[in-house]
> 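Before I ask anything, let me first share the structure, which is written out below as structure tokens.
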4 protein chains.
Amino acid sequence: MKKNKPKYKQIIDAAVEVIAENGYHSSQVSKIAKKAGVADGTIYLYFKNKEDILVSLFQEKMGQFIEKIEHETNSRQTAEEKLFKLVETHFEQLSADHHLAIVTQLELRQSNKDLRQKINHVLKRYLNVMDMIIDEGVEEGLFRESLDRRLVRQMIFGTLDETVTNWVMKDQRYNIVDQAKEVHSLIVHGLARSGQ
Amino acid sequence: MKKNKPKYKQIIDAAVEVIAENGYHSSQVSKIAKKAGVADGTIYLYFKNKEDILVSLFQEKMGQFIEKIEHETNSRQTAEEKLFKLVETHFEQLSADHHLAIVTQLELRQSNKDLRQKINHVLKRYLNVMDMIIDEGVEEGLFRESLDRRLVRQMIFGTLDETVTNWVMKDQRYNIVDQAKEVHSLIVHGLARSGQ
Amino acid sequence: MKKNKPKYKQIIDAAVEVIAENGYHSSQVSKIAKKAGVADGTIYLYFKNKEDILVSLFQEKMGQFIEKIEHETNSRQTAEEKLFKLVETHFEQLSADHHLAIVTQLELRQSNKDLRQKINHVLKRYLNVMDMIIDEGVEEGLFRESLDRRLVRQMIFGTLDETVTNWVMKDQRYNIVDQAKEVHSLIVHGLARSGQ
Amino acid sequence: MKKNKPKYKQIIDAAVEVIAENGYHSSQVSKIAKKAGVADGTIYLYFKNKEDILVSLFQEKMGQFIEKIEHETNSRQTAEEKLFKLVETHFEQLSADHHLAIVTQLELRQSNKDLRQKINHVLKRYLNVMDMIIDEGVEEGLFRESLDRRLVRQMIFGTLDETVTNWVMKDQRYNIVDQAKEVHSLIVHGLARSGQ
DNA sequence: AATGAATGAGCGTTCATTCAT
DNA sequence: GATGAATGAACGCTCATTCAT
């Protein structure tokens, strides 16, 4: 299993750094190899081609990302708490790894449609977590029964993604974790005054 | 003013078509020139470089897009109605121009950070429209006073953008305008049961 | 018609020189471009890819080669004279262009099967010339009726080709045209004493 | 002596198979090693480099090839019979080993000038066999005295080689041994009617 | 002797941009 | 203004060979 060999992770971490620092289009394979401390050809012992580095990077990092969110939400009782924890953990994790934030929010979006579809595939698991929380919320009588699951997912993901992207484009100059409460509130209650 | 000469618009329209049909990375300047019926060199009499075509395209098309939304929202009375009209008009316009939807939601995202910042600049005007509606809503007593304007804008834009992108990636197979009401409701009331 | 533009021939002639001097495997496109006095990219305005340069080179040069042989043999009366003229003209032409001799006898043979089949296609015309001379010889009562046309062609071509290749591999140090008479004699009479 | 160790022959046989099946340019050292059932590095315990595999392959196989021809021609009395046996045995041996025929007639020709000169060196022994037969034929009064030995060798070898190459390129679809008689006749008597 | 992971030099091709006409 | 032929920089990937084990 190549994924357990040290060079596999070494190359992926180098790729994150190189892409964050140079931008997607200036991240040549040779640059990644150099940063990883291996020869160019070594890359191809662990990855099929350049795109495979990026897909693997996303799978590896987002896999951990989603697992952490699954774990944190599971440790909460109500759907509302779970949803808050989802928002907070989402922000916390990207806050904790500035390079990864740049790569996932800005650079990897420049990839072609093909790669983006593979990325979406990885995200399905995240959307499932959201679905389960929504279902729980409905069962608890907290959320409306009539909700269109897909639209809700898109609202939640779209809001989180846009929030993080803006924060990254503002060079991560403010603390995004501080906004978890307000974002959670917007998602749960919308703009309206309570009781409206 | 070059923007008023016929070839200027001719080239921009050709660019939209070529990019929608071939994808961002297969849209060479020579292909755009051919579709526009001009010589490659002529492009450079109207645009500084390739990126300038894309920025101009976005300015031109999004300018009209936002004007239409400004006009439609102005003709409504309450903030709630205005917000609904904003959502609906946003969806309607992209529904009406399939090529443009593909280009703005998928292809132009593959451009580099630099271009994306210019795109964001164009979108500022759209965000202003949202800001004004939010202010009105607060004044009307409809929306909470404590709302963080930036977060609200990000929530609204993120939700609309994610909704449209998903629709485009699903090959525009369902009617997105039909979802305006539900999306509007999610933005105004969130997930919670009314009264919660 | 690209074949009539000066750069087309310029590039082909450069290719012959470069290949003769550096060998097939050390003849990079950039080297050919430099020798031709054009930019690398210009090559691709006239040729589909590197292999297309080589195929075109062969077609161009062997086309002239065969035409000359057709012309020379046509100006003779008997099959025996025609055959002699074929041998002599074959030798003369390769003698007259040392670079071309190296390229056709040694370097182009290193190409892959695909290219070699295209080369064989060009040579069909040469084989037709031989066929006609053989037919004439039979009609004249000079050659045996029972000859297997294909074998005869292979004997003639194989003999000429091997003779020239040996001469090229010996660095063209002797005069191969001088051997036309003896080669012709071997083809017509074989090894046997007259009357045997 | 490495040549007597089992892995030496094992690797050479693997090389013949791999080259015949994949073509010269798709026959990587690693593929040959795999087919031979040894590690890549092991190849270099038995051969100096890749070219050395090919040269050794040719020496090994052509050595046997020529020995067989020497043996068969020695068992005949007259030069004419010996020459016939040479042609027939040449054809028979390549007929009997389809892989070897492909490798020697097509694939090994794609090697560079350097390798081809080493190949020619191996063939010298074959040319010597021809020389001796020619000399005998002259002494017997069967062949002309005035024959240029080198030209005759080239005629014989060129004819045989071209004949076999054509047969291989036609995917060995007909029986080439059947043509030995006619080819022998062409070599001995040429195209001319007997008595001309 | 045998292994196989690691190395790194080498090259065909594309395409945005220029500029002489 | 309009043309389009010409430019040339830039890069992912392969594979023969090495060498620590």
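In what follows, chains are A, B, ... by sequence order, proteins preceding strands, each numbered from 1.
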> Out of E:dT18, F:dT17, F:dC11, which nucleotide sits closest to the side chain of D:Y44?
F:dT17
> Over how many whole Å does the gap from B:K48 atom NZ to E:dT17 atom P extend?
10 Å
> My understanding is that only one of A:Q105, A:Q110, A:R109 makes a side-chain hydrogen bond (donor to acceptor under 3.5 Å, both in side chains) with A:E107; could you say which?
A:Q110
> Once you round to the nearest 0.5 Å, how far does NZ of A:K9 lie from CD of A:E60?
4.0 Å
> Dot-bracket notation for DNA chain E is requested: 5' to 3', Watson-Crick or G-U wobble pairs only, both distances under 3.5 Å, with ( ), [ ], | and . as defined.
.||||||||||||||||||||
> Report the distance from atom CG of B:L54 to atom P of E:dA16, rounded to the nearest whole Å.
10 Å
> Could you state the interatomic distance from CG (D:L123) to OG1 (D:T104), rounded to the nearest 0.5 Å?
9.5 Å
> Quick one: B:K34 NZ to F:dA2 P, roughly how many Å, whole number?
20 Å
> Does D:L45 reach the side chain of D:K7, with side-chain heavy atoms less than 4.5 Å apart?
no
> With heavy atoms under 4.0 Å as the rule, sort A:V29 into base, sugar-phosphate or nothing.
sugar-phosphate
> Drop me the distance from C:I43's CD1 to C:K48's NZ, to the nearest 0.5 angstrom.
14.5 Å
> Could you tell me the separation between the CG atom of C:N49 and the P atom of E:dC11, rounded to a whole number of Å?
17 Å
> Between the protein and nucleotides 2-6 of chain E, are there any N/O to N/O pairs under 3.5 Å, and if so, what are the atom names and distances?
unit_1 : atom_1 : unit_2 : atom_2 : d
E:dA2  : OP1    : D:K7   : NZ     : 2.9
E:dA2  : OP2    : D:Y46  : OH     : 2.8
E:dT3  : OP2    : D:A39  : N      : 3.0
E:dT3  : OP2    : D:T42  : OG1    : 2.5
E:dG4  : N7     : D:G41  : N      : 3.2
E:dA6  : OP1    : A:K7   : NZ     : 3.0
E:dA6  : OP2    : A:Y46  : OH     : 2.6

> Could you give the CD1-to-C1' distance, from C:I53 to E:dG12, as a whole number of Å?
10 Å
> D:I12 versus D:K61: any side-chain heavy-atom pair under 4.5 Å?
yes
> Mind calculating the distance between CD1 (A:I32) and P (F:dG12) to the nearest angstrom?
8 Å
> Nearest 0.5 Å please: distance from the CD1 atom of C:I102 over to the CE atom of C:M169.
11.0 Å
> Taking 4.0 angstrom as the limit, do D:E21 and D:K35 come out as a salt bridge?
yes
> Write down the distance between CG (A:D52) and P (F:dC13), rounded to a whole number of angstrom.
10 Å
> Which residue lies toward the 5' end of DNA chain E, B:E51 or C:S26, if each is placed at its nearest nucleotide?
C:S26
> On the 0 to 90° scale, with breaks at 30° and 60°, tag the B:F47-B:Y8 ring pair as parallel, tilted or perpendicular.
parallel
> Please give, in whole Å, the distance from F:dA16 C1' to D:Y24 OH?
12 Å
